[in-house]
2 protein chains.
Amino acid sequence: MTETDIFKALADPTRRHMLERLSAGERNATELREGLAMSQPAISQHLAVLRSAGLIEEEKSGRQMRYRIRPDGLAPVVDWLARYRAFWPERVDRLKTLLREMDQ
Amino acid sequence: MTETDIFKALADPTRRHMLERLSAGERNATELREGLAMSQPAISQHLAVLRSAGLIEEEKSGRQMRYRIRPDGLAPVVDWLARYRAFWPERVDRLKTLLREMDQ
DNA sequence: GCAATAGATAAGTCGATTCTTATATATTAC
DNA sequence: GTAATATATAAGAATCGACTTATCTATTGC
């Protein structure tokens with residue numbers, strides 16, 4: 001759940017792919033496996049990494065596990081990145097647009 | 001220089017520490033080594049990782065190498081993060097404040 | 001109860017990462 | 001030219017990370 005844990009978790013393409021899927025809504029482990037050429041334990045291990053980085057949370061539902069993004073999980077990255085705002089001025093416009101959209 | 005390269009580069013505390021120092025201004029390799037209990041080659045290797053992730057750039061100055069943050073380097077992280085904006089609403093106020101500051 | 005299903009855990013393999021020491025290259029100072 | 005300084009590169013050791021197969025646990029359907 002430290003910055004290091006989070007960046008390590010995000011450093012793997014499979015895990016970023018899983019997060020992307022979860023950003024569309026809850027999924028169980030089997031659903032998250034779809035399209036990935038990887039064993040079931042591998043998926044389970046990736047989910048464990050995301051979980052202990054605080055990026056996802058889970059809920060048991062019968063014999064399934066429903067995974068979802070943990071809203072606060074990326075906060076440390078946002079905060080970390082904010083310290084370097086002086087170095088990405090050309091991204092500011094994009095962010096402003098974003099925030100304007102969110103206001104509506 | 002891919003998302004994966006960048007997140008991997010950021011996943012190491014020593015490298016994040018180096019970036020933080022560089023955010024205060026240019027440094028050469030020897031200066032970046034200060035306070036780190038690590039051999040000179042180790043520093044050099046970390047700098048190579050940051051460089052090939054596109055996060056820093058360097059300029060030769062005599063027998064020294066001056067390192068600095070590459071302004072665009074973090075752009076892929078900003079963009080990636082923006083896709084998850086829906087999941088960090090409580091950070092928006094902070095960002096708004098930030099942008100307001102920058103406008104002044 | 002028993003078979004099937006969903007998922008986690010254990011143990012091992014293999015390549016990648018992060019160090020080390022030794023050495024090479026370029027620049028500066030004298 | 002020679003010694004000292006700044007840095008990079010090479011090679012190797014130790015640890016870590018991402019997989020695998022085998023197995024375990026919990027739940028469901030019949």
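Below, read A as the first sequence line, B as the second, and so on, with proteins coming before strands; counting in each chain starts at 1.
Close to C:dC19, at under 4.0 Å from its OP1 or OP2, lies no side-chain N or O of B:S39. OP1 or OP2 of C:dC19 sits under 4.0 Å from a side-chain N or O of B:H46. For A:R63 and D:dT25, the shortest distance from a side-chain N or O to OP1 or OP2 is not below 4.0 Å. Here A:Y67 reaches the OP1 or OP2 of C:dA8: one of its side-chain N or O atoms lies under 4.0 Å away.
Where B:P41 and A:A11 meet DNA chain D, the nucleotide closest to each residue was compared, and B:P41 sits on the side nearer the 5' end. Between A:L47 and B:D12, the residue whose closest nucleotide on DNA chain C is further toward the 5' end is A:L47.
Rounding to whole angstrom units, CE of residue A:M38 and P of D:dT20 are separated by 7 Å. Separating the CZ atom of B:F7 from the C1' atom of C:dA16 is a distance of 20 Å, rounded to the nearest angstrom. Residue A:R33 contributes atom CZ, which lies 13 Å from atom C1' of D:dC19 at whole-angstrom precision. Rounded to an integer number of Å, the gap from A:E34 CD to C:dA6 P is 11 Å. A:E31 has its CD atom 8 Å from the P atom of C:dG7, to the nearest Å. Nucleotide D:dT27 holds its P atom 14 Å from the CD atom of A:E59, rounded to whole Å. One interatomic measurement links the two molecules: CG of B:N28 to P of C:dT28, which rounds to 13 Å at whole-angstrom precision. One interatomic measurement links the two molecules: CD1 of B:I43 to P of D:dT9, which rounds to 15 Å at whole-angstrom precision.
Between the side chain of B:Q45 and the base of C:dT20 there is at least one donor-acceptor pair of N/O atoms closer than 3.5 Å. Side-chain N/O atoms of A:Q40 and base N/O atoms of C:dA8 include a donor-acceptor pair closer than 3.5 Å.
Atom CZ of A:R66 sits in a crowded spot, with more than 12 heavy atoms from other residues, nucleotides or ligands closer than 6.0 Å. Around atom CZ of B:R51, no more than 12 heavy atoms belonging to other residues, nucleotides or ligands sit under 6.0 Å away.
Side chain of B:A42, nearest nucleotide from D:dT7, D:dT21, C:dC19: C:dC19. The side chain of B:T30 sits closest to D:dT7 out of D:dT7, C:dG7, C:dA22. For B:K8, the side-chain atoms get nearest to C:dT17 when compared with the rest of C:dT17, D:dA6, C:dT20. For B:Q64, taking side-chain heavy atoms from C-beta onward, the closest of the listed nucleotides C:dT18, D:dT9, D:dT7 is D:dT7.
Counting non-hydrogen atoms under 4.0 angstrom, B:R51 reaches nothing in the nucleic acid. Across all strands shown, B:R66 has no heavy atoms under 4.0 Å from either base or sugar-phosphate atoms. As judged by a 4.0 angstrom heavy-atom cut-off over every strand, B:A29 is placed among residues touching the sugar-phosphate backbone only.
With rounding to the nearest 0.5 angstrom, the CD1 atom of B:I56 is 6.5 Å from the CD atom of B:E58. Between the CG atom in B:L47 and the CE atom in B:M18 there is a gap of 4.5 Å [rounded to 0.5 Å].
A salt bridge links A:E20 to B:R83: at least one charged side-chain nitrogen sits closer than 4.0 Å to a carboxylate oxygen.
Side-chain atoms of B:R33 and B:S39 form no donor-acceptor pair, as typed in the model, at a separation below 3.5 Å.
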